[in-house]
Amino acid sequence: MKIKFFNTLSYSFIRVFLLLVILQYSYLLSAQDLPVWKPEMNVNATDDWLIKPESKKADIYQTPDGKNIILYNGLLRRSFRISPNVACYDYINLQNGKQLLRSVKAEALITINGKEYNVGGLHGQKENAYFLPEWLNNLTANSSDFQFIKYETSTLKPYLKWKGDAWWASNKKEPTGKTITFFYQSGLKELKGITVRVHYNIYDGLPLISKWVTIENAGAETIKINQVVNETIGFVEEESAVIGAIDPALHAEDIYSGKKDDKVAKGMLSPQGIYIESNFAFNNAMRYKLSDQTTHWKIDTTYTSQVSYNSDTPCLLEIYPNAGVGVELSSNNIFTSITTYELLLDNYDRERRGLMVRKMYRTIAPWVTANPIYMHLVSKNDEQVKTAIDQCSTTGYEALILSFGSQIDQEDTSKQNLERWKKIAEYAHTKNVKIGGYSLFSSRRIDDADDVIDPKTGKPGGALYGDAPCYASKWGLGYRDKIKKFYVSTGFDIWENDGPYAGDICASTTHPGHKDLDDSQWQQMNIQKELYHWLNERGVYINAPDWYFLDGSNKIGIGYKEVNFSLSREQQIILNRQNIYDGLWNEIPSMVWGFVPLTKYHGGGPEAILEPLKDHLKDYKQLMVQYYGAGVQAMYRGPRLYDTEETKETVTNVIDWYKKYRDILNSDIIHLQRADGRDWDGIMHVNPQLKEKGLIMLYNPLKEKITRTIKVPLYYTGLTQTAIFLEKGKVKTIQKINRDYSTDLTFTIEPESYTWFVVE
């Protein structure tokens, strides 16, 4: 018995040893293709990339000895030792010189057939509070881990082939940079034929890295991928406490993940020098932080010298979907994990941190900068649709969306229905107007066979929002196919997808698109993503009240309570400005929509509505100005845009003003003062790359004229000496800029009115 065990062990050892020898030779050959890292390159960034674009391009280097790979773009540096296995030992923010890592970890963790394996990684670090590069030579590889065999580099390829030429986008360029892929295999018999690839993108002009994992099964047997942790990092802690706290309730998030015994820390701050976003987010919260399903800050029990007696410091990052993957991967197929974006932040200022996130979105998802001017039509017949198209064309509106409650049905793919809407789309296009329609997926009851099955009861129900179909059911797959057919057949340009997949799990074992509970969330999510990819790459604009931006959607709700639109117009005006102020910290104006119900919505009396428009022209204009003045498109929901020549002229003038200053109005905002109805409030757009470096919108909610002097922060305009202020684009004043990049501005505003200044 002992001899048999020894022989088996020896066989496995020899396999791993030979694999390591072959692959060390392989990486030494491939290392010769990379430029050599020079010590003089090791300097911090000198310019602020939010104002002056970073001139250094992203590249991938090797050290002269061939033992290390370095990702560098002038704003960050991430370094890897590649022998005897790959491990990240250096992750530094070159904006402030701060090192993020305190320990080396595996490059990824994968659970196959119920057993977890490290991908890459080095072992033997004794002190986990910090890491010294000279320790690398004493670290060892573990034969049970996936072993590095080679790497490949390439230029960064676009994630989606977006047709940006068809929309009014402020950025039509795809991101640029470099990609490196590390290849791994295992010497273990049960993992024969499996290759794991760990991919990194480093971007030009951003302190940003993205990471994902692919698994190829070239073996003869089907394997089950239970979970993939595509990122694990031992971060420098943000703060320390002698006694921390562990919340048992947080363990519930891992019930299906294969990691249910992990402890999640709470109480102490998690590391704040990094912003993390993955393309696996949902629940209709309309904020990424609340929609995120993958970021887990955990305790690190190997970090024994931390201040916390119970090792409760949240300083171990793991990225994985809460409900696991649960996918069966058959022979000659490839699995792709979620993609995680890691943006390095350089301070605690909320505005600056938000500006960095906003610049990330503009760069990696350029489709979110498209911002067409559209109306939300409530119609009962085709003639009303054509009339609305005419009004859009006359006033300068660029698109029309048939709202919920209208006569459109995109699930009707009969020849008659498709021809009907094709003719209407063709009419809209002759008027240079894009057209789209509303369609609800979730939050609706289909039937027992197609609804999600609650794992607790084994019956339909238990969805996040009550009843919901399973996207992987026969009905769900049919819904996806009908939407595709409708858009191919009609030439529609916009899809408003209400109730997109919200993350429901499903215990059915009969739905054709998933096997059982384990893979139900993963498969449904991929169905939703694939549809959004398909639409995005065909130039279809997507409104969706959930966080699918990194998979092709264009716009989400800014955040509002629908019943508030039954309140008086006076209240709505203030509340809408609050929504704008609160909804644009991490989001750019084109990423969000607001709401202006022209007719009765969620109740309310005559004091709540704008129809007849001619009778409430001041309020109508005020609502338009504060939305367009923020760069935010609102859903002007009703049967028409104007009812008289005066109303038409008012709408046209506001649209003309918006188009004149469109570039700066679609730029990021600086938050000046939130509306509270007691005094002035306002925001300022900034863009150092434009002629108009800024545009300030100021409001007076009071019933008397006011004159105020405020301090205007001009740092993010890029101006340093003087600033020219043009009130309403005409009246000019020149102000000297103080050493703190601010200047004083005096203005007067009429009662319940507004003013605006261009800054040059």
Side-chain angles (χ1 to χ4, degrees), residues 286 373-378 397 401 403-405 498 543 545 555-585 587 589 592-643 647 650-651 653-655 657-658 665 669 671-683 697-704 706 749-756:
M286 302 192 191
I373 307 167
Y374 61 79
M375 176 195 181
H376 229 242
L377 176 67
V378 178
Y397 271 65
I401 300 175
S403 186
F404 45 95
D498 198 0
N543 283 350
K555 200 183 290 291
I556 200 171
I558 197 169
Y560 50 77
K561 184 180 288 186
E562 290 184 306
V563 295
N564 287 352
F565 298 113
S566 66
L567 301 174
S568 69
R569 291 183 295 275
E570 183 179 16
Q571 289 173 282
Q572 289 183 46
I573 286 170
I574 296 294
L575 291 173
N576 283 358
R577 291 211 299 275
Q578 290 183 340
N579 294 339
I580 290 167
Y581 190 95
D582 297 340
L584 294 175
W585 285 102
E587 298 79 17
V592 297
W593 73 69
F595 205 87
V596 177
L598 304 179
T599 53
K600 189 175 181 179
Y601 186 71
H602 276 272
E607 74 284 354
I609 62 174
L610 288 167
E611 283 280 5
L613 302 175
K614 61 182 177 59
D615 295 340
H616 309 107
L617 203 49
K618 180 183 177 182
D619 291 338
Y620 188 17
K621 182 180 180 181
Q622 175 75 28
L623 286 163
M624 290 183 70
V625 166
Q626 61 189 40
Y627 270 122
Y628 286 116
V632 175
Q633 302 299 332
M635 293 181 176
Y636 298 90
R637 186 174 189 269
R640 55 189 176 179
L641 287 171
Y642 58 85
D643 51 3
T647 307
T650 299
V651 173
N653 288 343
V654 173
I655 296 302
W657 170 78
Y658 169 72
L665 289 172
I669 72 162
H671 296 73
L672 299 180
Q673 183 150 297
R674 190 176 190 266
D676 60 10
R678 299 186 180 195
D679 205 340
W680 75 276
D681 62 90
I683 61 173
M697 298 296 305
L698 300 167
Y699 301 93
N700 174 19
L702 305 177
K703 298 187 183 301
E704 64 267 5
I706 63 169
I749 309 179
E750 295 297 318
E752 298 179 313
S753 188
Y754 60 89
T755 191
W756 52 278

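These values consider heavy atoms only, across backbone and side chains, with no hydrogens, waters or symmetry-generated copies.
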Determine whether [X] and [Y] make a side-chain contact, defined as any pair of heavy atoms from C-beta on separated by less than 4.5 Å.
X      : Y      : value
Tyr658 : Gln633 : yes
Asp643 : Glu611 : yes
Tyr642 : Thr650 : no
Leu610 : Leu623 : yes
Pro639 : Thr599 : yes
Ile655 : Met624 : yes

[X] and [Y]: which non-hydrogen atoms are nearest, and at how many Å?
X      : Y      : value
Met697 : Gly629 : CG-O, 3.4 Å
Asp498 : Pro545 : OD1-CG, 3.5 Å
Ser403 : Val378 : CB-CG2, 4.4 Å
Ser566 : Val563 : OG-O, 2.6 Å
Gly631 : Pro589 : O-CB, 3.3 Å
Tyr636 : Tyr374 : CD1-O, 4.1 Å

Mark yes or no for whether [X], through its side chain, and [Y], through its backbone, hold a donor-acceptor pair below 3.5 Å.
X      : Y      : answer
Glu562 : His602 : no
Glu587 : Ile558 : no
Arg569 : Glu607 : yes
Arg640 : Leu613 : no
Tyr560 : Ile580 : no

Give, for atom [atom1] of [X] and atom [atom2] of [Y], the distance between the pair rounded to the nearest 0.5 Å.
X      : Y      : atom1 : atom2 : result
Ile401 : Asn543 : CD1   : CG    : 4.5 Å
Trp680 : Ile706 : CH2   : CD1   : 9.0 Å
Ile609 : Gln572 : CD1   : CD    : 10.5 Å
Asp681 : His671 : CG    : NE2   : 12.0 Å
Asn564 : Leu575 : CG    : CG    : 5.5 Å
Tyr699 : Gln622 : OH    : CD    : 7.0 Å

Please confirm whether Arg637 makes a cation-pi placement over Tyr601, using NZ or CZ under 6.0 Å from the six-membered ring centre and within 45° of the ring normal.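 Checked: cation-pi criterion not met.
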
Parallel under 30°, tilted from 30 to 60°, perpendicular over 60°: which one fits the rings of Phe595 and Phe565?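 Ring orientation of Phe595 relative to Phe565: tilted.
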
Problem - Ion pair check, Glu752 and Lys703, cut-off under 4.0 Å - result: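 A salt bridge is present here (some side-chain N lies under 4.0 Å from a carboxylate O).
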
Practice task
Start with the C-alpha distance between His376 and Phe404, add both sets of side-chain angles, then the distance that settles side-chain contact (heavy atoms from CB on, under 4.5 Å), and finish with yes or no.
Solution key: CA-CA 9 Å; His376 229 242; Phe404 45 95; 4.2 Å; yes

Exercise. side-chain contact (heavy atoms from CB on, under 4.5 Å) between Tyr628 and Leu665: does it pass, once the steps are laid out?
Worked result: CA-CA 8 Å; Tyr628 286 116; Leu665 289 172; 5.6 Å; no

